[in-house]
Amino acid sequence: MEREGLIPTVLGTAVTITGMSLRNNKALKPIYRGSIIGFGLAHVVLGAIDLVEHRR
């Protein structure tokens with residue numbers, strides 16, 4: 001299995017889940033919570049693109 005796209009996808013999923021779990025945390029500013037979720041989603045998208053490109 002290709003690790004090039006799989007690692008960012010798994011990492012992005014973990015970061016997104018972490019960000020989603022922090023949504024109700026009042027100690028963090030909303031900009032930080034949104035940034036964590038966005039950072040994770042960006043990794044998921046980039047990893048998925050890498051997986052599709054290397055499948056060919």
Side-chain angles (χ1 to χ4, degrees):
M1 182 168 277
E2 302 281 336
R3 286 181 24 174
E4 288 184 40
L6 188 62
I7 292 172
T9 305
V10 171
L11 175 69
T13 303
V15 172
T16 302
I17 291 170
T18 302
M20 295 294 281
S21 68
L22 293 174
R23 278 192 318 182
N24 296 328
N25 187 346
K26 302 297 182 194
L28 283 176
K29 293 182 181 180
I31 190 74
Y32 297 138
R33 295 187 298 240
S35 297
I36 293 170
I37 294 169
F39 185 75
L41 288 175
H43 272 80
V44 170
V45 169
L46 292 174
I49 290 170
D50 208 18
L51 282 171
V52 169
E53 284 184 355
H54 287 270
R55 187 170 44 164
R56 296 178 188 172

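We count residues from 1, following the sequence as given.
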Atom pair CG (Leu22) and CD1 (Ile17), whose distance is rounded to the nearest 0.5 Å: 12.0 Å
Side chain to side chain donor-acceptor pair (under 3.5 Å) pairs, two or more places apart, involving residues 41-50: Asp50-His54
Euclidean distance, Leu28 CG relative to Ile36 CD1, rounded to 0.5 Å: 6.0 Å
Pairwise ring pair (Phe, Tyr, Trp, His ring centres under 6.0 Å) hits with a residue in residues 11-34, at least two apart: none
From CG (Leu46) to CG (Leu11), nearest 0.5 Å: 11.5 Å
Side-chain donor/acceptor of Arg33 to backbone N/O of Gly19, under 3.5 Å: no
Contact summary for Pro8 and Gly47, nearest pair of heavy atoms: CB-CA, 4.0 Å
Residues which pass side-chain contact (heavy atoms from CB on, under 4.5 Å) with Ile49, listed by chain and number, not counting sequence neighbours: Val45, Glu53
side-chain contact (heavy atoms from CB on, under 4.5 Å) involving Asn24 - partner list, sequence neighbours excluded: none
Connected-component partners of Leu41 among ILVMFWY, side-chain separation under 4.5 Å: Met20, Ile37
Over all atoms of both residues, closest heavy-atom pair of Val44 and Thr9: CG2-O, 3.9 Å
